[in-house]
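Working notes for the structure below.
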Amino acid sequence: MATLSLTCSLPLQPPSSSQSQSQSRKLIDSIVSTPFQYSSSSTTSSNGSLKPIVVDGDPPTFVSAPGRRIVAVGDLHGDLDKARCALETAGVLSSDGQSLWIGGETVLVQLGDILDRGEDELAILSLLKSLDIQAKAHGGAVFQVNGNHETMNVEGDYRYVDNGALDECIDFLEYLDKCERNWEEAFVSWCAVSARWKQDRKVSQNYWAQWNLVKRQKGVIARSILMRPGGPLACELARHGVVLKVDDWLFCHGGLLPHHVAYGLERLNREVSRWMKGPSEEDDSPQIPFIATRGYDSIVWNRLYSRDGPELENYQLEQVQYLLEETLQSVGAKAMVVGHTPQAMGVNCKYNCRIWRIDVGMSRGVLDSSPEVLEIRDNKARAIRSTRDRSSELQVADYT
């Protein structure tokens, strides 16, 4: 495998954490109430094939994927049908129902909020896990970043959980027992069997309300077993960070701000991951990383880059663009891709296409819109919009 050489030469000294946090929070308050360089510019090895993908950080934080096509998919919210349609539109999932990776050396990035508002959350997570295994065998990769609904569920906030998702948690625990508690086997194969389990458990709507309440309580217990810090699904989510840089592109759920950069991207990912994994010998009481997971200016909750409307004055828009430019320059990124805030107009870009907003509310639990994905080739980006029958490519913007 090719070795990776990283040099750190910041064009601007990042502001101190307290200073930049104060600046960005002040701006948000008024609205709502080290570049890394790879050692070689060549993208191919001596035999003409693409160089291997190199990942730095645990969870993955910096990724070198020379010459590869990148596709990004926004919020999925428990809608397996829409998730499959989006992945088919992205050209990485077979359309024959066999859940096969057809993306070759493509890099797929999913921007979080797989959980809540739909009933097939675990099946989607299982599908992405299966695709990642297949992709690696073909020189590609699948990456995920966690969103606010992932962190909410690990924290025990189930306000937006669909009743069907509670049923799925019950079913999956039973399936896990059938797999003799072999997590990897059960988790990777769940997407292939979940539909049958769902069909088997469908019950008449004439059941007594008392039974439905008991059933919901059982589902909440099952979900807590899976998702509480240290639970098997929380540990699965802990494999993913809250921010990812692939070549010159930043990916996160809500939005990265200068004080996040000053805090340290790898540090942010490590601390969120450590909290999700629960108590350990090294840390018997890991705290929730507030800067990443809580508050309107945290990485998973920030809407600064994705809000539009007449309530934003020109000077505020200029300040937002300044923060965006400072953030991107601090990490040597060309643009940022975010989800979190549904875009009624579909995938779009703003601030000279330095920010791409790709949450289109495709889930039936949100806007039930047609899936759209972002495709990046040679540092140029465009949206691809799908219908079930055909995909129509929409050129949104190209970098010159």
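Predicted model, so just to flag it, every value in this text is computed and none were measured.
- With hydrogens and angles left out, the side-chain atoms of Thr151 and Thr293 include no donor and acceptor closer than 3.5 Å.
- Between the Asn146 side chain and the His240 main chain, a donor and an acceptor come within less than 3.5 Å of each other.
- Residue pairs meeting the ring-ring contact (aromatic ring centres under 6.0 Å, His included) criterion with at least one partner in residues 69-94, sequence neighbours excluded, are His77-His149.
- In terms of heavy-atom proximity, Asn302 sits nearest to His340 at O-CD2, 3.6 Å.
- Remark: the backbone N or O of Asp113 is paired with a side-chain donor or acceptor of Glu150 at under 3.5 angstrom.
- Around the CG atom of Asp378, the shell of radius 6.0 Å holds no more than 12 heavy atoms that belong to other residues, nucleotides or ligands.
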Item to check | Worked check of side chain to side chain donor-acceptor pair (under 3.5 Å) between Ser363 and Arg117 | outcome: CA-CA 8 Å; Ser363 169; Arg117 306 188 189 278; over 6 Å; no
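- Hydrophobic cluster of Leu367: the remaining members, joined at side-chain heavy-atom separations below 4.5 Å, are Val366, listed by chain and number.
- Side-chain atoms of Lys82 do not come within 3.5 Å of backbone N or O of Arg84 as any donor-acceptor pair.
- One distance of note links CG of Leu317 with NZ of Lys350; it measures 5.5 Å at 0.5 Å rounding.
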Item to check | Steps toward side chain to side chain donor-acceptor pair (under 3.5 Å) verdict (Ser194, Tyr175) | outcome: CA-CA 9 Å; Ser194 63; Tyr175 181 64; over 6 Å; no
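- Counting only distance, with no hydrogens or angles, the side chain of Gln343 and the backbone of Arg357 share no donor-acceptor pair below 3.5 Å.
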Checklist entry - Where do Met362 and Glu372 land on the side-chain contact (heavy atoms from CB on, under 4.5 Å) test, with the steps shown first? => result CA-CA 8 Å; Met362 69 180 80; Glu372 296 185 34; over 6 Å; no
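- Lys334 is listed as a side-chain neighbour of Asn379, based on a closest heavy-atom distance under 4.5 Å.
- Leu131 and Leu100 are members of different hydrophobic clusters when ILVMFWY side chains are connected at heavy-atom separations under 4.5 Å.
- For the residue pair Ser130/Gln134, the side-chain donor-acceptor check at 3.5 Å is satisfied.
- Residues Glu184 and Arg239 share a closest heavy-atom pair of OE2-NH2, 2.9 Å.
- Side-chain contact of Glu174 with Trp197: a donor-acceptor pair under 3.5 Å is absent, judged by distance alone.
- Inspection of the Asp132 and Trp101 side chains reveals no N or O donor paired with an N or O acceptor under 3.5 Å.
- Between Leu226 and Leu173 the shortest heavy-atom distance is CD2-CD2, 3.7 Å.
- Inter-residue side-chain proximity for Leu256 and Ile299 is flagged as met; some heavy-atom pair is nearer than 4.5 Å.
- By the rule that hydrophobic residues join a cluster once side-chain heavy atoms approach within less than 4.5 Å of another member, Trp183 and Trp190 end up as members of one cluster.
- Both Val73 and Val63 are members of a single hydrophobic cluster when ILVMFWY side chains are connected at heavy-atom separations under 4.5 Å.
- Shown here are the salt bridge (Lys or Arg N to Asp or Glu O under 4.0 Å) partners of Arg196, two or more places apart in sequence or in another chain: there are none.
- The side-chain heavy atoms of Val161 and Asn153, taken from C-beta on, include a pair separated by under 4.5 Å.
- The minimum heavy-atom distance between Leu111 and Gly74, with the atom names listed, is CB-CA, 4.5 Å.
- Between Cys252 and Val242, the shortest heavy-atom distance links the atoms CB-O, 3.4 Å.
- Glu168 places a side-chain N or O within donor-acceptor distance of the main-chain N or O of Glu121, the cut-off being under 3.5 Å.
- Nearest approach of Asn269 to Pro60, heavy atoms of both residues: ND2-O, 3.7 Å.
- Cluster annotation: Val300 is connected to Tyr160 through the hydrophobic network of ILVMFWY side chains, with a link wherever side-chain heavy atoms come within less than 4.5 Å.
- When the shell of 6.0 Å around NZ of Lys198 is examined, it contains more than 12 heavy atoms from other residues, nucleotides or ligands.
- Following chains of ILVMFWY side-chain contacts shorter than 4.5 Å, one can reach Leu176 starting from Ile221, so the two form part of one hydrophobic cluster.
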